Asks: 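Sending over a structure as structure tokens; questions will come in a sec.
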Number of protein chains: 2
Amino acid sequence: MLAIMSPMPSDHVPSTSAAPGRAASPRAESTRLALLAAAREEFAERGIAGARVDRIARRAGVNKERIYGYFGSKEKLFDAVIETALDELVEVTALPGDDPAGWVGRMFDYYREHPDLARLLLWEGLYGRTESLPEQRRRIAHCQDKIDSLAAHLGREPSHEIGRLLLTLIGLALIPLAFPQLAELFRTPVDGPEAAAEMREHLTAFVRMALANADFS
Amino acid sequence: MLAIMSPMPSDHVPSTSAAPGRAASPRAESTRLALLAAAREEFAERGIAGARVDRIARRAGVNKERIYGYFGSKEKLFDAVIETALDELVEVTALPGDDPAGWVGRMFDYYREHPDLARLLLWEGLYGRTESLPEQRRRIAHCQDKIDSLAAHLGREPSHEIGRLLLTLIGLALIPLAFPQLAELFRTPVDGPEAAAEMREHLTAFVRMALANADFS
DNA sequence: GGGAGTCAACCAACCGGTTGGTGGCCAATG
DNA sequence: CATTGGCCACCAACCGGTTGGTTGACTCCC
């Protein structure tokens, strides 16, 4: 009747700052945040498989071991980064309100100024998570507000169709960042402020026209 | 800056089948193609950093050493895969012709049936190539035909604006594959045939409306 | 014979993860 | 107040396994 000799049943609690037990010391919290920021840069640049834990630690000016002390593993660190990124996404994605086209333009600007966010989204989409993140229900509920806002502006009830429309709108703002090769194929300049301004104008005009006589089932 | 001290100054010529020297034997060509196909699967699933050369060789039923004999390195093998993918892309992307909305729907279907292609595009976009691939000019010229076709349908001259529009249209068809997490956030089902049909209908309707009174500068 | 491919072994570098130990902070103790 | 002692963040060094890449001897078959 040998009990299983697992030395520690993996109670790696302190994955988030909301650790229930003892309040984290300010010093500890600051290094945890430095690690998170450095990991975000590294993961945004190289993805999970391409990221190197040593590099993350060096970037943060922190010992590599702290990563495992705070997060447990490279993948859990990635998940923590993704969670902060998703929170930032749903927070920064204001309500479409009465101007969906302008909203797409603003989202486009934001992604241009913060490519990290878009790249993290792309990496994570390719990575193919199996089970959903904690707090995902809260994020989904938060996004429901945006669906409601868009539906109200269009004078319709919230529905899957409105959700699809919102997905399309956000996707539009992300296209230039996600497919630079396609832009090259179609000789569409993407770098530089004036190229961005033209692309932004194109996207907003496109959305404005699509929603001009919005009658979709 | 992992400059590996390669003893050979990398004159690995036979990267493509169009090796100038001697004609490749049919047997050699078949294993080269098997390697290419296996590499495509592996790279589409895991990206460059996540792919393993041993796995590629095993998948192809070929010895690992052959990869270096034919392609020289993992990265060059990836480039070869990307080149075939880009060729497939520009070939399969028929002219928009007189029905851009239906064309987007067909592209959407194609990407659904061949997720490999879309995933390879995403990986490569994130990878961030510095210099462009060989034969890229030919591909760009080929895409110019599509721009011309779309311009003709709209009764306009080919321009950067038409190129941007084409980029937007192709991007639209790729959104559901590129951003599954956003779809989850907006509760937009993506899997299953009927969900795909609805998404397809949404996209085509969106494009139809956007192009209904197409007057963009 | 000779090109094509296989197989097994090998290598240096590297990667994620672990460990023993150090030093500073702080509360209890005298 | 000074001493003690434990706790905690931190670090340098280390570990076992893996990775991309190479080599050379052997087989197969046109």
Side-chain angles (χ1 to χ4, degrees), chain A residues 6-8 10-15 17 19 21-36 38-39 42-43 46-81, chain B residues 1-15 17 19 21-36 38-39 42-43 46-81:
Chain A
S6 101
M8 273 297 187
S10 89
D11 39 351
H12 252 304
V13 209
S15 64
S17 63
R22 127 177 59 266
S25 83
R27 173 126 180 269
E29 187 62 11
S30 90
T31 66
R32 215 189 65 97
L33 290 179
L35 239 22
L36 216 45
E42 176 84 2
F43 283 133
R46 321 221 185 200
I48 324 167
R52 298 292 166 240
V53 274
D54 322 57
R55 215 155 29 199
I56 294 175
R58 202 179 337 126
R59 269 181 148 157
V62 165
N63 192 275
K64 184 173 68 157
E65 180 267 352
R66 283 292 83 199
I67 289 177
Y68 298 94
Y70 284 127
F71 301 96
S73 73
K74 187 193 189 184
E75 308 227 334
K76 288 185 190 165
L77 174 58
F78 181 75
D79 286 356
V81 168
Chain B
M1 203 66 64
L2 315 178
I4 305 151
M5 305 256 276
S6 83
M8 278 297 190
S10 89
D11 41 349
H12 254 303
V13 207
S15 63
S17 64
R22 124 174 62 269
S25 83
R27 172 123 182 271
E29 186 62 11
S30 89
T31 68
R32 214 190 65 97
L33 291 178
L35 239 22
L36 217 45
E42 176 84 1
F43 284 133
R46 321 218 184 202
I48 323 167
R52 299 288 166 245
V53 273
D54 320 59
R55 214 155 30 200
I56 293 175
R58 204 180 332 128
R59 269 182 148 154
V62 166
N63 192 274
K64 181 174 79 157
E65 182 269 351
R66 283 291 84 201
I67 288 178
Y68 300 94
Y70 281 127
F71 301 97
S73 74
K74 188 193 191 184
E75 308 227 335
K76 289 186 190 165
L77 174 57
F78 182 76
D79 285 355
V81 167

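Note on naming: letters A, B, ... go to the chains in the order of the sequence lines (proteins, then strands), and numbering restarts at 1 for each one. Since we're looking at a predicted model, the values are computed, not measured.
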Asks: Whole-Å distance between D:dG21 C1' and B:Ile56 CD1?
Replies: 14 Å
Asks: Base, sugar-phosphate, or nothing: which does B:Ala51 touch, judged by heavy atoms less than 4.0 Å apart?
Replies: sugar-phosphate
Asks: Give a yes or no answer on whether the side chain of B:Glu42 reaches the backbone of B:Val53 with a donor-acceptor pair at less than 3.5 Å.
Replies: no
Asks: To the nearest Å, give me how far apart CD (A:Glu42) and C1' (C:dC15) are.
Replies: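 These atoms are roughly 13 Å apart.
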Asks: Report the residues that fulfil side-chain hydrogen bond (donor to acceptor under 3.5 Å, both in side chains) with B:Glu65, sequence neighbours left out, ordered by chain and then residue number.
Replies: none
Asks: Specify the separation, in whole Å, of atom CZ of A:Arg52 and atom P of C:dA13.
Replies: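 About 16 Å, once rounded to whole Å.
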Asks: Taking the side chain as C-beta and beyond, is there a heavy-atom pair between B:Phe71 and B:Asp79 under 4.5 Å?
Replies: no
Asks: Report the distance from atom CZ of A:Arg46 to atom P of C:dC15, rounded to the nearest whole Å.
Replies: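 For the pair A:Arg46 CZ and C:dC15 P, the rounded distance is 10 Å.
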Asks: Mind checking if B:Gly61 touches a base, just sugar-phosphate, or nothing, with heavy atoms under 4.0 Å?
Replies: sugar-phosphate
Asks: How far does OG1 of A:Thr31 sit from CD of A:Glu29, to the nearest 0.5 angstrom?
Replies: 8.0 Å
Asks: Given side chains that start at C-beta, do those of B:Leu77 and B:Tyr70 come closer than 4.5 Å, heavy atoms only?
Replies: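 No, their side chains stay 4.5 Å or more apart.
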Asks: Could you tell me which non-hydrogen atom of B:Lys74 sits nearest to which non-hydrogen atom of B:Ile48, and how far apart they are?
Replies: NZ-O, 2.8 Å
Asks: Provide, to the nearest angstrom, the distance between the CZ atom belonging to B:Arg58 and the P atom belonging to D:dG20.
Replies: 12 Å
Asks: Using only side-chain N and O atoms of B:Tyr70, determine if any of them is under 4.0 Å from OP1 or OP2 of C:dA4.
Replies: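 Negative; the distance criterion is not met.
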Asks: How many whole angstroms separate atom CZ of A:Arg55 from atom P of C:dC14?
Replies: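 It is 11 Å, rounded to the nearest whole Å.
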Asks: Are there any protein N/O atoms within less than 3.5 Å of an N/O atom in nucleotides 17-22 of chain C, and if so, which ones and at what distance?
Replies:
| unit_1 | atom_1 | unit_2 | atom_2 | d |
| --- | --- | --- | --- | --- |
| C:dG17 | OP2 | A:Tyr68 | OH | 3.1 |
| C:dG17 | OP2 | A:Lys74 | N | 3.1 |
| C:dG17 | N7 | A:Lys64 | NZ | 3.1 |
| C:dG17 | O6 | A:Lys64 | NZ | 2.3 |

Asks: When the distance from CZ of B:Arg66 to P of C:dC7 is rounded to whole Å, what number comes out?
Replies: 13 Å
Asks: Applying the side chain to side chain contact (heavy atoms under 4.5 Å, CB included) criterion to B:Val62, which one of B:Ile67, B:Leu35, B:Ile56 satisfies it?
Replies: B:Leu35
Asks: A:Phe71 CZ to D:dA9 P: how many Å, rounded?
Replies: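 Computing the A:Phe71:CZ to D:dA9:P distance gives 13 Å.
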